[in-house]
Amino acid sequence: MDLILVALSGIFLFLPALVPNSAAVLFGGGTPVDFGRTWRGKRILGDGKTWTGLIGGIAAGTSLGIILALATLTFDFPEQWTWGSGLDAMGVVFALALGSLLGDMTGAFIKRRLGMERGHKAPILDQYDFVAGALGITALLFPAWVASHYINGESIVALIALLVFVPVLHRTVNIIGYKMGKKKEPW
Ligand code: CTP
Ligand code: MG
């Protein structure tokens, strides 16, 4: 199989995990997930993690994923370009969206423990927390799907593509959000 196509499929299949971060920026602004509580003198997660962002983000990623999954099945995409068939596909896209924002919250938890204020730049953590969360949760719930699409044989190229392109994409989207006045920092 053409390796460029494998790389592209890796990014395409990851869309349900990419969308929640941008959607959370649009939906955010409400009650913080940690309800303002602190732990050892520092916020548990901080004001940058809200319930509306979390729920809106997961809903947006899952909705897009379901629409795309239906399209891949309707148009008979090759297996490499699908989230599986039927209910399994819905489960996988939900796991990607949920894991993405759980990873993002884990990143915020670590940043607060390190004494970084909300929005403080944390290279690597900011770009990869949601990638690790999405792949981790999905691997836990659907190990065979993750193995066949991101690990086994040539599909490892899909994982490499994610690790290379996601930070670039993440940064680009954040700069757009910043210019639109939706995001406080361009990272
Ligand atoms: N957001 C939200 N709820 C979430 C995730 C994100 O409301 N669960 C919104 C917040 O408005 C947040 C913005 O999306 O400020 C950007 O997210 P992110 O860059 O992850 O947060 P930061 O503000 O940088 O905060 P942190 O330092 O905790 O990462
Ligand atoms: Mg941030």
Check your understanding: Is the backbone of Leu163 close enough, under 3.5 Å, to the side chain of Tyr128 for a donor and an acceptor to pair up by distance?
Key -> yes
**Study point:** Exam field: side chain Thr50 to backbone Gly53, donor-acceptor pair closer than 3.5 Å
**Key:** yes
Practice item. Could you tell me whether a side-chain N or O of Thr72 sits under 3.5 Å from a main-chain N or O of Phe77, the two making a donor and an acceptor? Key: no
**Study point:** Value rounded to 0.5 Å, distance of CG in Leu98 from CG in Leu141
**Key:** 8.0 Å
Practice item. Flag yes if more than 12 heavy atoms outside Glu117 fall under 6.0 Å of its CD atom; otherwise flag no. Key: no
Check your understanding: Is the shortest heavy-atom distance from the side chain of Asp104 to the side chain of Lys49 under 4.5 Å?
Key -> yes
Revision key, fill the gap. Note: Ala23 and Ala60 closest approach over all heavy atoms is CB-CB, 3.6 Å
**Study point:** Main-chain N/O of Ile44 paired to Arg113 side chain as donor or acceptor, under 3.5 Å
**Key:** yes
Exercise for review: Could you tell me whether the side chain of Pro16 reaches within less than 4.5 Å of the side chain of Leu64, counting heavy atoms only?
Suggested key: no
Review point. Quick one: are the ring centres of Phe12 and Trp83 less than 6.0 Å apart?
Key: yes
Practice item. Find the distance between CD (Gln80) and CG (Leu13) and round it off to the nearest 0.5 Å. Key: 7.0 Å
Point to revise | pair Trp51-Phe35: side-chain heavy atoms closer than 4.5 Å | key: yes
Review point. Among Lys111, Lys121, His170, which one satisfies side-chain hydrogen bond (donor to acceptor under 3.5 Å, both in side chains) with Asp126?
Key: Lys111
**Study point:** 4.5 Å side-chain heavy-atom contact, Trp187 and Ile175
**Key:** no
Review point. Hey, does the side chain of Ser100 reach the backbone of Ala17 with a donor-acceptor pair shorter than 3.5 angstrom?
Key: yes
Exercise for review: Treat each ILVMFWY residue as a node, draw an edge where side-chain heavy atoms are under 4.5 Å apart, and state whether Leu125 and Leu102 are in one component.
Suggested key: no
Check your understanding: Out of curiosity, does Val33 fall in the hydrophobic cluster containing Ile110 (side-chain heavy atoms, cut-off under 4.5 Å, transitive links)?
Key -> no
Check your understanding: So, Asp129 and Thr106: side-chain donor and acceptor under 3.5 Å apart, yes or no?
Key -> no
Practice item. May I ask you to decide if the ring planes of Trp145 and His149 are parallel, tilted or perpendicular, using 30° and 60° as cut-offs? Key: parallel
Review point. Do Asp34 side-chain atoms and Leu45 backbone N/O form a donor-acceptor pair below 3.5 Å?
Key: yes
Check your understanding: So which of Lys179, Lys183, Glu185 actually passes side-chain contact (heavy atoms from CB on, under 4.5 Å) with Asn174?
Key -> Lys183
Exercise for review: List the atom of Val168, the atom of Thr172, and the distance in Å for their closest heavy-atom pair.
Suggested key: O-OG1, 2.6 Å
**Study point:** Euclidean distance, His120 NE2 relative to Leu114 CG, rounded to 0.5 Å
**Key:** 10.0 Å
Point to revise | Any residue meeting ring-ring contact (aromatic ring centres under 6.0 Å, His included) with Phe14, in chain and number order, not counting sequence neighbours | key: none
Practice item. Look up atom CG in Leu169 and atom CD1 in Ile11, then write down how far apart they are to the nearest 0.5 Å. Key: 7.0 Å
Check your understanding: Between Tyr150 (side chain) and Gly10 (backbone), is there a donor-acceptor pair under 3.5 Å?
Key -> yes
Practice item. Would you indicate whether the side-chain heavy atoms of Leu162 and Leu135 approach each other to under 4.5 Å? Key: yes
Check your understanding: Distance under 6.0 Å and angle within 45° of the ring axis: does Arg112 meet both against Phe109?
Key -> no
Practice item. Would you name the heavy atoms of Leu70 and Thr74 that are closest together and state the gap between them? Key: O-OG1, 2.5 Å
